Novice: 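Pasting a structure here, questions to come.
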Amino acid sequence: MLLAFSSMAQGDELIFSARVMGPVSNIYGVSADKALRKITENIRWRDIDADVSVQGTVVFSSNRETDQSIDIHRRSESFDLYVTDGRGVITALTDTPQNEMLPRFSPDGTRVAFVRARRQLVLLELASRRERLLYEAGEILDFDWAPDGSAVAMAARDRQRGVILQLHCDADCLAGPLNPQVLKQYPRLQHSDAIQAVDDEVSDFGSVDHLRWSPGGKTLAFIFHPDGQAARSLHLLSLESGESARISDESQQVQSPLSWSQDGDSLLYAALVNYRFYFDETAQKKVYQGAMQIFRSELNGKVQRLTDNTVAARAPVFVGENQIAYLQADQLAARQYALVMRDLDVGSERTVFDAVTPESRLVVRR
């Protein structure tokens, strides 16, 4: 349900996954001038993880199928990629038994990179539908395009190490050598008993599970996920010097996604604070304690907490010079979130939409 118009700049649009019922979700957009826009509309499938190109085309992952009959013997499903102009026509980009997830447009909107079967980073040219395997690893956790489209940064891991790789492209990345370059790597803990360790000796064992390129293309922000019990942390990696530095507080468990300000001077992120999870044997259910709050960090490490009393606030994104959007709920285990807009200058905020899936990210089209 749309509750209020946002105060976004004219022409800006937020793309997200709206909860319909149960696990069913559609892709919606909301903007200052168009109010609510239903980009997909179904009552059966899960349309998730959308991205939008500079031309306004939307790509998303979905478990939808041509045959809509109910199969009571079905035990598995797969997610394929689809593209739409938002006017009702939806076209399949892939049709395979593997899951294709995390579709991301190139900066010029002519290509889509995505992860297949969690192991392969694949590039697809929209005009020709030609594919190219860019990289294969034990597990690909995340990737991001360079602002000029000349490279892709990728976070991957196997049993031995977690690594950030940069794949350099010639022209459109569809031909020529990729010249993978290791930008950062971490060793992995090898034994289950060692994972219980909490001392500093193992705090640097783990992998990077999320990264985002700065608008100027000179810095990578990434989230380090330790194999042990240390906190998930936010780091900056200089692509010029190769040096990295942690900028989040040790008390924070930093959560993805990250969002850069348009000027590249600060980052938005969510973090768990005072977090504890356990299983209540009496009630026979999982119990989550603590809160997830939104923070803004400047590149020098100065951190400002933007939310306070909200139990669960996540997926923040800059939508203008002085405005942000994020998802909010009254408990960490909530099945749906509200989409909230906040004006950073005056501190005012309003709820824009009240039924967003908890896994949704917010994507801004400008």
Side-chain angles (χ1 to χ4, degrees), residues 8-9 12 14 16 51 102 104 107 141-148 152-155 164 166 183-184 206-226 231-273 291-308 310 312-328 339-345 347 349 360-364 366:
M8 292 184 288
D12 284 358
L14 273 170
F16 58 92
D51 194 28
L102 300 179
R104 302 291 182 265
L141 301 171
D142 197 21
F143 70 92
D144 195 28
W145 286 92
D148 63 1
V152 175
M154 180 185 69
I164 299 177
Q166 182 175 353
L183 300 179
K184 187 77 175 179
S207 52
V208 172
D209 66 5
H210 181 75
L211 50 76
R212 284 296 174 264
W213 222 303
S214 67
K218 296 182 179 180
T219 305
L220 277 175
F222 67 88
I223 298 175
F224 174 69
H225 182 89
R232 289 168 52 91
S233 50
L234 173 59
H235 300 250
L236 296 178
L237 173 63
S238 169
L239 298 178
E240 295 178 336
S241 68
E243 298 295 322
S244 64
R246 176 175 179 161
I247 63 170
S248 61
D249 189 89
E250 292 185 0
S251 64
Q252 299 173 352
Q253 292 276 1
V254 178
Q255 308 296 304
S256 61
L258 304 171
S259 176
W260 282 94
S261 60
Q262 291 180 334
D263 58 14
D265 287 342
S266 61
L267 283 155
L268 283 178
Y269 63 91
L272 290 165
V273 292
M292 186 151 56
Q293 305 290 351
I294 304 299
F295 297 86
R296 181 177 187 174
S297 177
E298 298 178 7
L299 301 193
N300 60 9
K302 181 181 178 181
V303 178
Q304 177 187 8
R305 180 167 165 169
L306 300 181
T307 56
D308 189 12
T310 304
R314 60 171 303 273
V317 63
F318 284 101
V319 294
E321 184 177 350
N322 299 304
Q323 297 175 36
I324 67 169
Y326 65 93
L327 302 180
Q328 175 179 286
L339 172 58
V340 176
M341 298 288 302
R342 169 172 288 200
D343 187 309
L344 296 178
D345 285 340
E349 65 180 35
S360 179
R361 70 188 191 112
L362 304 176
V363 181
V364 181
R366 295 185 171 91

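As a basis for the values below, the full set of heavy atoms in this structure was taken, side chains included, without hydrogen atoms, waters or symmetry mates. Owing to the predicted nature of the structure, the values given are computational and were not obtained by experimental measurement.
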Novice: Do the side chains of L306 and R342 get nearer than 4.5 Å, heavy atoms only?
Specialist: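 Side chain of R342 against side chain of L306, heavy atoms only: contact under 4.5 Å found.
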
Novice: For D51 and R361, what are the C-alpha separation, side-chain angles and deciding distance, and is it a side-chain contact (heavy atoms from CB on, under 4.5 Å)?
Specialist: CA-CA 9 Å; D51 194 28; R361 70 188 191 112; 3.4 Å; yes

Novice: If you measure from CG on D265 to CD on E298, what distance do you get to the nearest 0.5 Å?
Specialist: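 Output value for this atom pair is 8.0 Å.
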
Novice: Could you check D144, I223, L267, L220 and say which one makes a side chain to side chain contact (heavy atoms under 4.5 Å, CB included) with R212?
Specialist: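 Option passing the side chain to side chain contact (heavy atoms under 4.5 Å, CB included) with R212: D144.
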
Novice: To the nearest 0.5 Å, how far apart are CZ in R314 and CD in Q255?
Specialist: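 Reported to 0.5 Å precision, the distance equals 9.0 Å.
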
Novice: My understanding is that only residues two or more places apart in sequence, or in another chain, count here; which of them pass ring pair (Phe, Tyr, Trp, His ring centres under 6.0 Å) with F16?
Specialist: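 Counting only residues at least two positions away or on another chain, F16 forms a ring pair (Phe, Tyr, Trp, His ring centres under 6.0 Å) with F353.
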
Novice: So which pairs with a foot in residues 240-251 pass salt bridge (charged side-chain N to carboxylate O under 4.0 Å, His left out), sequence neighbours left out?
Specialist: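 Non-adjacent pairs meeting salt bridge (charged side-chain N to carboxylate O under 4.0 Å, His left out): K218-E240.
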
Novice: Please give me the minimum heavy-atom distance between P316 and P257, naming the atom from each residue.
Specialist: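 Where P316 meets P257 most closely, the heavy atoms are CD-O, 4.4 Å.
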
Novice: For Y326, check ring pair (Phe, Tyr, Trp, His ring centres under 6.0 Å) against everything at least two apart and list the hits.
Specialist: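 None.
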
Novice: Taking only residues two or more places apart in sequence, or in another chain, which ones meet H235 in a ring pair (Phe, Tyr, Trp, His ring centres under 6.0 Å)?
Specialist: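 Testing H235 for ring pair (Phe, Tyr, Trp, His ring centres under 6.0 Å), a comparison that skips the adjacent residues, returns F222.
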
Novice: Just verifying a value: how many Å separate Q253 CD and H225 NE2, rounded to the nearest 0.5 Å?
Specialist: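 So the gap between those two atoms works out to 8.5 Å.
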
Novice: Minimum heavy-atom separation for V303 and S297, please, with both atom names.
Specialist: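 Heavy-atom minimum between the residues: CG2-OG, 3.9 Å.
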
Novice: Listed by chain and number, what are the salt bridge (Lys or Arg N to Asp or Glu O under 4.0 Å) partners of R104, not counting sequence neighbours?
Specialist: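 Listed in chain order: D49.
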
Novice: For residues 251-273, which residue pairs pass the ring pair (Phe, Tyr, Trp, His ring centres under 6.0 Å) check, not counting sequence neighbours?
Specialist: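 Qualifying pairs: Y269-F295.
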
Novice: Which heavy atom in P107 sits nearest to a heavy atom in A146, and how many Å separate them?
Specialist: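 Here P107 and A146 meet closest at CG-O, 3.3 Å.
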
